[in-house]
Engineer: 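What follows is a structure written as structure tokens; I'll ask about it next.
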Amino acid sequence: MGSPVNLSSRESAKVTTEHVAREARNDGPERRVPREDRSTELPQIIFFGNGMLADFTLEILAKHCNIIFHARSKEDLTTAVQLKKQYPEAFGVLASFGVMIKNDVLETFAPESILNLHPSKLPAYRGASPIESAILAGDTDFSYSIMRLVKAMDAGPTYHQDTLKNLPLDKTTIYKSLATAGATWLVENLCRVRSLTPTPQDDAKATFTTKLSKKDSTLHPEQHTAQEIFRQIVAYQGFPKPKYEFYGKTCIIWESHVVDTNTIVCDPSLAPELSSPLMLKCADRNFVAIDRLQPEGKKPMDAISFMNGYAKP
């Protein structure tokens, strides 16, 4: 990698169906089995999910529903089926599970199957990375769908869809906003969802996403516009983590912003305010200014601190 352009120096352990205890785990939210002191009027949910979307969704659901079990893995499906048979009124709700659920499990949750909160306006962005793909595609609005899970990936009929506008281009904010809106709809409509008729998707209009890979992490500003690089930095937060080499040190990029060259040309006085000690010159001759980064093996730091530690002659 080349040297950066320096324009400025600005700153249930084992859960059984007889148990009524609640067991804490050290790898995330708790699994829960129904307790007699919880209100029987609350909707009962068997939840399937992992990761940020699941965490934000569960945060809302847990305030208004009785989460009787949280399935995190393929091995948990057996327990989920056992609990559904014991509590037939329980709803199955899924948000970013990452495991293919077979027909026998789906049929256990008939007639509504499992309800899937998917963060796109289906049939667009089916697959593993809908939010990241929307960010990379340049979308400015972000959507979610509540659908009936079927064997084919993200192809089930939809009960509800909505689009959120004017969200900041921040991955965590987008995840939380979509999860909160979708979970709120579920809370408000679970008790009547079995009387609703979902709308089939138009498969001819489907678009598909793929899983992000570690090979995507290295940034190539010479091949992309500044906006494209900025969106890669946003989309790759968490995984696969956007990386670039400065002064021989591979760094994770945590925060950045776009600098339009024309803006500085028209008003040079803005250069100190808009630029950074670390600038990536992109294919469109605009720049991505690095605000916060993390050198390999070190803690995150701002650009000035990095320059003081690594840009020595």
Engineer: Are the side chain of Asp216 and the backbone N or O of Ser213 linked by a donor-acceptor pair below 3.5 Å?
Structural biologist: yes
Engineer: With rounding to the nearest 0.5 angstrom, report the OH to NZ distance, Tyr310 to Lys298.
Structural biologist: 5.0 Å
Engineer: To the nearest 0.5 Å, what is the distance between CD1 (Ile131) and NE2 (His118)?
Structural biologist: 9.0 Å
Engineer: Sequence neighbours left out, cut at 3.5 Å: what donor-acceptor pairs do the side chains of residues 89-104 make with other protein atoms?
Structural biologist:
residue: Glu89; atom: OE1; partner: Arg194; partner atom: NH1; Å: 3.3
residue: Ser96; atom: OG; partner: Asn50; partner atom: O; Å: 3.4

Engineer: Check whether any side-chain heavy atom of Phe109 lies under 4.5 Å from a side-chain heavy atom of Ile46, and answer yes or no.
Structural biologist: yes
Engineer: Could you pull out the closest heavy-atom pair between Thr209 and Ala128, with the gap in Å?
Structural biologist: OG1-N, 3.1 Å
Engineer: Do side-chain atoms of Ser195 reach the backbone of Arg192 as a donor and acceptor pair under 3.5 angstrom?
Structural biologist: yes
Engineer: Is a side-chain donor-acceptor pair under 3.5 Å present for Ser129 with Ser133?
Structural biologist: yes
Engineer: With rounding to the nearest 0.5 angstrom, report the CD to CG distance, Gln227 to Asn286.
Structural biologist: 8.5 Å
Engineer: Donor-acceptor pair, distance only, cut-off 3.5 Å: does the side chain of Gln201 make one with the backbone of Gly156?
Structural biologist: yes
Engineer: Answer with yes or no after comparing the ring centroid distance for Phe48 and His70 against a 6.0 Å cut-off, counting only values under it.
Structural biologist: no
Engineer: Quick check: are there more than 12 heavy atoms from other residues, nucleotides or ligands sitting under 6.0 Å from NZ of Lys241?
Structural biologist: no
Engineer: Kindly indicate whether the side chain of Tyr236, heavy atoms from C-beta on, has any atom under 4.5 Å from the side chain of Ser217.
Structural biologist: no
Engineer: So, Arg126 and Asp203, do they make that salt bridge, N to O below 4.0 Å?
Structural biologist: yes
Engineer: For Lys121, I'd like to know if atom NZ has over 12 heavy atoms of other residues, nucleotides or ligands within 6.0 Å.
Structural biologist: no
Engineer: Would you say the side-chain atoms of Arg231 pair up with the backbone N or O of Asp139, donor to acceptor, closer than 3.5 Å?
Structural biologist: yes
Engineer: How long is the gap from CD1 on Ile146 to OG1 on Thr158, to the nearest 0.5 Å?
Structural biologist: 10.0 Å
Engineer: Between the side chain of Thr225 and the main-chain N/O of Glu228, is any donor-acceptor distance below 3.5 Å?
Structural biologist: yes
Engineer: Taking the side chain as every heavy atom from C-beta outward, state whether Tyr247 and Leu278 have any pair of such atoms under 4.5 Å apart.
Structural biologist: yes
Engineer: I'd like to check the salt bridge (charged side-chain N to carboxylate O under 4.0 Å, His left out) partners of Lys176; sequence neighbours left out, ordered by chain and number.
Structural biologist: none
Engineer: Just verifying a value: how many Å separate Leu42 CG and Leu61 CG, rounded to the nearest 0.5 Å?
Structural biologist: 12.0 Å
Engineer: What I'd like to find out is whether the side chain of Thr184 reaches to under 4.5 Å of the side chain of Ile60, using heavy atoms alone.
Structural biologist: yes
Engineer: Under the criterion side chain to side chain contact (heavy atoms under 4.5 Å, CB included), I'd like the reasoning laid out for Asn116 against Asp154: C-alpha separation, chi angles, the key distance, then a yes or no.
Structural biologist: CA-CA 8 Å; Asn116 179 15; Asp154 300 329; 3.6 Å; yes
Engineer: Compare all side-chain heavy atoms of Phe208 with those of Tyr125 and state whether any distance is below 4.5 angstrom.
Structural biologist: no
Engineer: Are Met307 and Tyr244 connected into the same hydrophobic cluster when the rule is that any two of I, L, V, M, F, W, Y join if their side-chain heavy atoms are below 4.5 Å apart?
Structural biologist: yes
Engineer: Do Ile174 and Leu58 share a hydrophobic cluster (ILVMFWY, side-chain heavy atoms under 4.5 Å, transitive)?
Structural biologist: yes
Engineer: Looking only at heavy atoms, which two atoms of Leu106 and Val150 are closest? And how far apart?
Structural biologist: CD1-C, 3.7 Å
Engineer: Between Ser143 and Ser120, is any pair of side-chain heavy atoms under 4.5 Å apart?
Structural biologist: no
Engineer: Flag the pair Thr199 / Tyr159 as yes when at least one side-chain heavy-atom distance between them is below 4.5 Å, and no otherwise.
Structural biologist: no
Engineer: Show the nearest heavy-atom pair for residues Ile233 and Ser256, with the distance to one decimal.
Structural biologist: CD1-OG, 3.4 Å
Engineer: Check the pair Val288, Cys282 against side chain to side chain contact (heavy atoms under 4.5 Å, CB included), reporting the backbone distance first and the verdict last.
Structural biologist: CA-CA 7 Å; Val288 171; Cys282 301; 3.9 Å; yes
Engineer: In the single-linkage hydrophobic clustering (I, L, V, M, F, W, Y; side-chain heavy atoms under 4.5 Å), do Phe56 and Ile45 co-cluster?
Structural biologist: yes
Engineer: Looking at side-chain heavy atoms only, is the closest gap between Leu293 and Phe306 below 4.5 Å?
Structural biologist: yes
Engineer: Looking only at the side chains, is there a donor atom on one of Asp291 and His257 sitting less than 3.5 Å from an acceptor on the other?
Structural biologist: yes
Engineer: Salt bridge check: are Asp302 and Arg292 linked by an N-O gap of less than 4.0 Å?
Structural biologist: no
Engineer: Looking at every heavy atom in both Gln161 and Ser145, which two are closest together, and how far apart are they?
Structural biologist: NE2-OG, 2.9 Å
Engineer: Is there a continuous path of hydrophobic side-chain contacts, each under 4.5 Å between heavy atoms, that joins Leu136 to Leu167?
Structural biologist: no
Engineer: With side-chain hydrogen bond (donor to acceptor under 3.5 Å, both in side chains) as the criterion, how do Gln294 and Trp254 come out once you've worked through the C-alpha distance, each side chain's angles and the decisive distance to 0.1 Å?
Structural biologist: CA-CA 7 Å; Gln294 182 177 2; Trp254 290 108; 3.0 Å; yes
Engineer: Nearest 0.5 Å, what's the CG-CG distance between Leu164 and Leu178?
Structural biologist: 5.0 Å
Engineer: Less than 4.0 Å between a side-chain N and a carboxylate O, is that true for Glu296 and Lys243?
Structural biologist: no
Engineer: Where is the tightest heavy-atom contact between Thr57 and Ala179, given as atom of each residue plus distance?
Structural biologist: OG1-CB, 3.4 Å
Engineer: Is Met301 reachable from Phe246 through a run of hydrophobic residues whose side-chain heavy atoms are each under 4.5 Å from the next?
Structural biologist: yes
Engineer: Which pair of heavy atoms, one from Leu190 and one from Cys65, lies closest together, and at what distance?
Structural biologist: CD1-SG, 4.2 Å
Engineer: Evaluate the criterion side chain to side chain contact (heavy atoms under 4.5 Å, CB included) for residue pair Val259 and Met279; output intermediate values, then yes/no.
Structural biologist: CA-CA 9 Å; Val259 178; Met279 304 279 283; 3.9 Å; yes
Engineer: When you look at Ile253 and Leu219, which way does the side chain to side chain contact (heavy atoms under 4.5 Å, CB included) test go after all the steps?
Structural biologist: CA-CA 10 Å; Ile253 310 302; Leu219 303 176; 4.2 Å; yes
